[in-house]
Amino acid sequence: MTLQQEIVGNAMQMAVVNLHPGQTVYCEAGKFLFKTVNVTMETRLSGPSGNGGQQQSGGGGMGGLLRQAMGTAMQVGQRMLAGESLAFQYFTAEGGEGTVGFAGVLPGEMRALELDGTRAWFAEKDAFVAAESTVDFGIAFAGGRTGTSGGEGFVLEKFTGHGTVIIAGAGNFIDLNPADFGGRIEVDTGCVVAFEEGIQYGVQRVGGLNRQGIMNAVFGGEGLSLATLEGNGRVILQSLTIESLANALKKAQGGDKQGPTGGLFSTHAG
């Protein structure tokens, strides 16, 4: 059953979802905006299992319950390590159609992605807003070398299954396919929002350890690394990074800012 949703607003977009009777949608804690009275709300530590959002019975008596509890603990532990919300909120329409509204946490756009079961989607952490209960939410690690090099690229949200997932980012979105640009693009690590399975994601150093490479890192504002995206598939980028927004707010408040040396030697008040 297709999720009926509409993205509304401009500078701070919202998603308004219309639920059929018995249909369930879930969101990350803190993304809920409003609902009609016939929509029930339940908070769980367990993520969806692709079975309509209903928790599995576990089976096998105490052994099944233990396996279910261990599975939930592993999910929670993964999300804790990734800095994600520990719980999900589930919304189900009862006795008729219902409406639920969701919003992101930063000024920017939202996007509804349709999963058909053939390709997963990956997104930067905190991009997830809400999804149908037939969409599975997971945590993916880009790899130790990539993560330690790029920082922001270490932890990714992973969406699999069938149905609609809604993501949010900062500023405006642009959709690109690396195949249209020779198969590879290089991006500010904070500008990557999401990409399809099949896109190879990595992090590389900005220039070599020479004069120009040091100039790029120190005065270019990008730090030492760029994200690389290779392959044939859809990539979504955002025009505003959380770091640049935080620096702009600090500057407006008279606090510390990056100054002429960009991101490498910027100092942030604790």
### Query
How about L113 and I236: do any of their side-chain heavy atoms sit closer than 4.5 Å?
yes

### Message
Return the NE2 to CD distance between H20 and Q4, rounded to the nearest 0.5 Å.
### Response
4.0 Å

### Task
Mind listing the closest non-hydrogen atom pair of F159 and A123 along with its distance?
CE1-CB, 3.9 Å

### Between E186 and Q204: side-chain donor-acceptor atoms closer than 3.5 Å
yes

### Query
Closest approach of A131 and V25, non-hydrogen atoms and distance?
O-CG2, 3.0 Å

### Task
Hey, could you give me the CD1/CG distance between I185 and L176, rounded to the nearest 0.5 Å?
5.0 Å

### Task
Could you tell me whether a side-chain N or O of Q238 sits under 3.5 Å from a main-chain N or O of G190, the two making a donor and an acceptor?
yes

### Query
Salt bridge or not for D175 and R111, using N-O below 4.0 Å?
yes

#### Entry: Path from L245 to V105 over hydrophobic side-chain contacts below 4.5 Å
yes

### Task
Begin with the C-alpha distance, continue with both residues' side-chain angles, and end with the deciding distance and a verdict on side-chain contact (heavy atoms from CB on, under 4.5 Å) for E132 and Q23.
CA-CA 8 Å; E132 285 184 86; Q23 190 175 20; 3.6 Å; yes

### Query
Does CG belonging to N10 count more than 12 external heavy atoms closer than 6.0 Å?
no

### Query
So how far is it from L237 CG to I174 CD1, rounded to the nearest 0.5 Å?
7.0 Å

### Query
Is the NZ or CZ atom of R234 both under 6.0 Å from the centre of the six-membered ring of F195 and within 45° of that ring's axis?
no

### Query
Any link between V100 and I7 through a network of hydrophobic side chains (Ile, Leu, Val, Met, Phe, Trp, Tyr) touching at under 4.5 Å?
yes

### Message
Would you say that V135 contacts L115 through its side chain, given a criterion of any heavy-atom pair below 4.5 Å between the two side chains?
### Response
yes

### Message
Quick one: does any side-chain atom of S239 pair with a main-chain N or O of N172 as donor and acceptor, under 3.5 Å?
### Response
yes

### Query
Between V235 and P178, which heavy-atom pair has the shortest distance, and what is it?
CG2-CD, 3.8 Å

### Query
Could you walk me through whether E157 and K125 pass the salt bridge (charged side-chain N to carboxylate O under 4.0 Å, His left out) check?
CA-CA 6 Å; E157 299 172 335; K125 68 173 189 172; over 6 Å; no

### Task
Taking all non-hydrogen atoms of both residues into account, name the closest pair between K158 and A140 and its distance.
CB-CB, 4.3 Å

## Note on the structure
Rounded to the nearest 0.5 Å, the SG atom of C27 sits from the OH atom of Y90 at a distance of 10.0 Å

### Task
Under the salt bridge (Lys or Arg N to Asp or Glu O under 4.0 Å) rule, collect the residues that match up with K35, sequence neighbours excluded.
none

### Message
Applying a strict under-4.5 Å side-chain criterion to I, L, V, M, F, W and Y, I'd like to know whether M12 and L106 cluster together.
### Response
no

### Task
Heavy atoms only: give me the nearest E97-A93 pair and the separation to one decimal.
C-CB, 4.4 Å

### Task
Can you run down the salt bridge (charged side-chain N to carboxylate O under 4.0 Å, His left out) pairs that involve residues 114-123, sequence neighbours left out, and say none if there aren't any?
R119-E196

### Message
With a 3.5 Å distance limit and no angle check, can you tell me whether Q5 reaches the backbone of V17 through a side-chain donor-acceptor pair?
### Response
no

### Task
Find out whether V129 and I167 are in side-chain contact, i.e. whether some heavy atom of one side chain is under 4.5 Å from a heavy atom of the other.
no

### Task
Output the distance between atom CD (E94) and atom OG1 (T40), rounded to the nearest 0.5 Å.
4.5 Å

### Message
I'd like to know if V8 and F34 are part of one continuous hydrophobic network [Ile/Leu/Val/Met/Phe/Trp/Tyr, side-chain heavy atoms within less than 4.5 Å].
### Response
yes

### Task
For a ring pair (Phe, Tyr, Trp, His ring centres under 6.0 Å) with Y26, tell me which candidate from F102, F91, F128, F137 qualifies.
F128

#### Entry: Reported CG-to-CG distance for the pair N177 and N232, which is rounded to 0.5 angstrom
4.5 Å

#### Entry: Polar contact flag, side-chain donor to acceptor under 3.5 angstrom, T99-T36
no

### Task
State whether the side chain of E109 and the backbone N or O of G169 hold a donor-acceptor pair below 3.5 Å, judged by distance alone.
no

### Query
Within the distance-only criterion (no hydrogens, no angle test), does the side chain of Q13 pair as donor or acceptor with the backbone N or O of M110 below 3.5 angstrom?
yes

### Task
Check V193 against A168 and note the closest heavy-atom contact, atom names and distance.
CG1-O, 4.3 Å

### Query
Applying the 4.5 Å side-chain criterion to the ILVMFWY set and letting contacts propagate, would F173 and W121 be lumped into a single cluster?
yes

### Query
Is there a side-chain contact (heavy atoms from CB on, under 4.5 Å) between L156 and E124 once you walk through the steps?
CA-CA 5 Å; L156 298 170; E124 289 285 11; 3.8 Å; yes

